[in-house]
Amino acid sequence: MDAILTYVVNVISLGGTYALLALGLAVVFSVLRLINFAHGELMTLAGYTLLAGIVLGVPFWAAVIAAVVVGGIAAVIMETTAFRPVRNANPATLLMTSFAVAMLLQVIFQNFISARGQAVPVPSMFTGSIPIGNAQISIIQAISIVASLASLIVLKLFFDRSRWGWAIRAAADDFETVRLMGYRASRLIAVAFLISGLLAGIAGVLWVMQRGSVDPLMGLKPVLAAFVVVVIGGLGSLPGAVIGGYILAGIEIALQTWLPESFIPYRDALTFVLVVVVLSLFPNGLFGKRIAEKV
Amino acid sequence: MQSLLEVSSLSVSYGGVRAVRDCSLRVEEGEAVALLGPNGAGKSSTLRAIVGLVKSSGDVTFAQESITGLACEKIVSRGLTMVPEGRRLFPQLTIHENLMLGARDRRAGHEVYDDLLDRLPILAERRNQPAGTLSGGEQQQVAVARALMSRPRLLLIDEPSLGLAPTLVDRVYELLGELKAQGLSMLIVEQEVIRVLNFADRAYAMANGTIELSGTSEELKNSDDVKNFYLGTET
């Protein structure tokens, strides 16, 4: 029973972070048909901002807010400087641009900060654990669950209640007709990048708090996981990105918890085998539809 | 006095293939004008070029101001909008969300929204239903209503009868008739020649990317060329 409770808590915690990251990718994909592989570097940048805030003696809560805001602003700068000039190029050009931006940022982190990981001292109030029955949940894990769920609820309200939220959901179906409604393409794409960057910032803070460190390649693994999540959920589907996040976390944690020790090195390979099985049953993802060619 | 819309020498090319050549037309304030032609004649490309969705050469003037080369969203904000071919509603959004997306701002949008739902009670009943669950005729009504949300001075409508049963087409033209009576100017692309000629004040007939004929609807209805070419009747 305790093992199941621990499993559920771990899945909700990791799944929430994956969902935030995947939603960031999905929001940009819905307006630009681009999987932004530089998304992970926005996480890393948020992590370094958090570290800088702590080192400079800024209150922890202010450092967290600064990290999230920097994620959002950096995403908008990334869009205007790197992606806007090639917006009408073919999808391969956009994809290569995202790889180039990711590598450029990694090199900047390595050369101007450090190639090695930096410890991020989290305040001692976050280091304990909370007993639930006979199981223990770390405070950071509890914060991660609350923060990711709160972010998802706020985002759901944004997409359901605001005109910009409707416009982004509509753009996933038909960007051209959204422009016919009078929405400026540049502004819509910038809003999508801003949301994506804020989500990467929140995910970055949660990731760093759980790991206790930040390094130049920190964003690589989570962005690959988020990419898998977006594919499982269905490219362009925002609910799919959230559900896919929890599914991937469920698979990963289950394998980590119950896989015999000798099979642990194959954990990632087994995860991807299960993803292949899901995609062979649902070729467009669980909630995806055929992607129409952008005109 | 200048027309509400004046298009001069408009040309549209796709990858070196000219879809529209030297097309010139005008729409006066309060007038309904039809643009006729068979498939591939260049009608939809003409509308898309006027509203800024495709690149074109030539001059387009709307309300005495040049809109040549402006982005689609800037043209729409000046009071010219389009109901695209095939309705192109956002199927996963509700009717309410589809309509409000068409509004210039939330406050002004609510006034037009309430007025439209009074006029189209069927949509009022289903306002929280996803647009993709409506019938074709209802979807066409939502598409027209969505375009009206921005309070346009000129409405471009691409194939309003496409894929609809005759009774539903009647309902759509009834709605367009009410809008015309209120003074809204329209440029309608349509393949149902007789129906649109009975509705419009004037018409242009296109073939192979150029305008071949123009005149009042009565003149075109009685034109041997129109009868031969579009209606398939011998004279």
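Values reported hereafter were calculated over all heavy atoms of this structure, with side chains retained and with hydrogens, waters and symmetry mates removed. Residue numbers begin at 1 in each chain, while the letters A, B, ... track the order of the sequences.
Within a 6.0 Å radius of CG in B:Asp115, more than 12 heavy atoms belonging to other residues, nucleotides or ligands are found.
Looking only at side-chain heavy atoms (C-beta outward), B:Leu93 and A:Arg169 come within less than 4.5 Å of each other. With a 4.5 Å cut-off on side-chain heavy atoms, B:Val76 and A:Tyr183 do not count as touching.
For A:Asp174 against B:Phe90, the heavy-atom pair with the smallest separation is O-CE2, 3.7 Å.
Separating the CH2 atom in A:Trp166 from the CD atom in B:Gln92 is a distance of 15.5 Å, to the nearest 0.5 Å. Atom-to-atom distance recorded for A:Arg184:CZ and B:Ser77:OG is 7.5 Å, nearest 0.5 angstrom. Considering CG of B:Asn98 and OG1 of A:Thr177, their distance stands at 10.0 Å, rounded to 0.5 Å. Of the inter-residue distances, the one linking B:Leu53 atom CG with A:Leu180 atom CG reads 4.5 Å to the nearest 0.5 angstrom.
Contact annotation for B:Ala147: neither backbone nor side-chain heavy atoms come within less than 4.5 Å of a heavy atom of chain A. At a 4.5 Å heavy-atom cutoff, the contact between A:Arg161 and chain B is made by backbone atoms alone. With a threshold of 4.5 angstrom between heavy atoms, B:Thr81 approaches chain A through side-chain atoms but not through N, CA, C or O.
A salt bridge links B:Glu73 with A:Arg179: at least one charged nitrogen is closer than 4.0 Å to a carboxylate oxygen. For A:Glu176 and B:Arg48, the salt-bridge test passes: some basic side-chain N is under 4.0 Å from an acidic carboxylate O.
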